[in-house]
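Here is how names work: the chains are called A, B, and so on, in the same order as the sequence lines, proteins then strands, and each is numbered from 1.
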Protein chains: 2
Amino acid sequence: MAAKRLLTDDIGFLLSRASGAVARSASKALAPLGLRVRSYSVLMLAGEGTAGVTQRRLAATMGLDPSQIVALVDDLETRGLVTRTPDPADRRNKLITATDEGHRVREDAQQRVDQAHDDYFDRVPHESLDELRHALRRIAFPDDLPVGHESEPSTAPE
Amino acid sequence: MAAKRLLTDDIGFLLSRASGAVARSASKALAPLGLRVRSYSVLMLAGEGTAGVTQRRLAATMGLDPSQIVALVDDLETRGLVTRTPDPADRRNKLITATDEGHRVREDAQQRVDQAHDDYFDRVPHESLDELRHALRRIAFPDDLPVGHESEPSTAPE
DNA sequence: TATTGTTATACTCTATAACTATA
DNA sequence: TATAGTTATAGAGTATAACAATA
């Protein structure tokens, strides 16, 4: 018989609550730039490195189905923040890369998000944040930890 | 100028990914019982203590608008897992309480969720989990930390 | 007048299947 | 045949406004 525990002690519940609160805050911070949390994520990933990222890899990193990436890239491409170029080596792949304007917007967005996050993370002792980050990474990416564009794509567990 | 950081180092992003993965896993574990993560949360809270919980308090604890609680309670009430009784002291309040069957289902559900969670949390050192829980609580409930039914209702920050 | 619960509505996010083009 | 991207669609989650009952 399982011990009766409080919901507010459940890490899954706390993850959901914390994630929701932080995402709402980030969403408000990004609104003036016409970005949402998810398009912000795409823009960030498109701006890392210079070789570009495939949509498949975006999907794997963000934990989404590839079909959900299409509209996100469409939007950013229409606004001139990223380009979508077929990979010469394998024309099935489309490489997503941030434009100069995309890099500028990304930097602005990053500052706004950081500021919004600080409202929440200031409440956590600084040394705890590194450990928090480490623990979250192990939970979010159980198989292998993404470091940069070079590592193998990781898929969400079933 | 903000330093260029990797999205996969961003705690907000990691929170979202970790929360999503854990919630999906919990959702699958609860499916055989006809519960979702949110109805599970209501059932858990309705089963804590004997006095019952107001819908307002459920909303505050779960970080939802009170209007979103109605359908969740409706469903559980229809299935005989909780009761909805007007508070004699203030008939505006409706007290949500788990029935005997509700307690049985809650216990079964709790075990299933715990088992699903273990697949993720086993990867985190045990002593880190307590610190993780503590940090998440401070992020999720910045104002005051809910302990039981007795504490003041806490509202999500704007 | 203020508060609890309720209804209604619109929008976003999530999940899935089927299609195309390239390999 | 297998993989990357795309389209379409349905369902769940989220956010808001307005209303009735009670205080």
The criterion is side-chain hydrogen bond (donor to acceptor under 3.5 Å, both in side chains); which residues satisfy it with Glu101(B), sequence neighbours excluded?
Arg104(B)
Checking side-chain contact (heavy atoms from CB on, under 4.5 Å) against Ser19(A), which of Ile139(B), Leu15(B), Val22(B) comes through?
Leu15(B)
Check the phosphate of dT22(C) against Lys94(A), side-chain N and O only, distance under 4.0 Å to OP1 or OP2. Yes or no?
no
For DNA chain C, whose closest nucleotide is more 5', that of Gln68(A) or that of Asn93(B)?
Asn93(B)
Audit row: His134(B), Arg137(B), side-chain hydrogen bond (donor to acceptor under 3.5 Å, both in side chains) steps and yes/no
CA-CA 5 Å; His134(B) 187 255; Arg137(B) 225 193 311 258; over 6 Å; no
Report the residues that fulfil side-chain hydrogen bond (donor to acceptor under 3.5 Å, both in side chains) with Ser128(A), sequence neighbours left out, ordered by chain and then residue number.
Glu131(B)
In whole angstrom, what separates Asp74(B)'s CG from dG5(C)'s P?
13 Å
For Arg56(B), which contact category applies under a 4.0 Å heavy-atom criterion: base, sugar-phosphate, or nothing?
base
Output the rounded distance in Å from CG (Asp87(B)) to P (dT3(C)).
17 Å
Between dT16(C) atom C1' and Lys28(B) atom NZ, what is the distance in whole Å?
13 Å
Applying side-chain hydrogen bond (donor to acceptor under 3.5 Å, both in side chains), name anything that partners Asp90(A), two or more places apart in sequence or on another chain.
Arg92(A)
Separation of dT14(C) C1' from Leu64(A) CG (nearest whole Å):
9 Å
Of Ser67(A) and Arg92(A), the one whose closest nucleotide on DNA chain C sits nearer the 5' end is Ser67(A)
Considering only side-chain heavy atoms of Arg84(B), which listed nucleotide, dT14(C), dT6(C), dG5(C), is closest?
dT6(C)
Partner set under side-chain hydrogen bond (donor to acceptor under 3.5 Å, both in side chains) for Arg56(B), not counting sequence neighbours
none
How close or far is atom P of dT3(C) from atom CG of Asp90(B), stated in whole angstroms?
12 Å
Leu30(A) CG to dT12(C) P, in whole Å, measures 15 Å
Reading DNA chain D 5' to 3', which nucleotide is the first, and which the last, to come under 4.0 Å of any heavy atom in chain B?
dA12(D) to dA23(D)
Rounded to whole Å, how long is the line connecting atom OH of Tyr40(A) with atom P of dT12(C)?
21 Å
Just list the side-chain donor-acceptor pairs under 3.5 Å for residues 73-80 of chain B, sequence neighbours left out, or say none.
unit_1, atom_1, unit_2, atom_2, d
Asp74(B), OD1, Arg84(B), NH1, 2.7
Asp74(B), OD1, Arg84(B), NH2, 3.0
Asp75(B), OD2, Arg79(B), NH1, 3.4
Glu77(B), OE1, Arg84(B), NH1, 2.9
Thr78(B), OG1, Asp74(B), O, 2.8
Arg79(B), NH1, Gly34(B), O, 2.8
Arg79(B), NH2, Leu33(B), O, 2.8

Take atom CZ of Arg57(B) and atom C1' of dT3(C), then tell me their distance rounded to the nearest Å.
17 Å
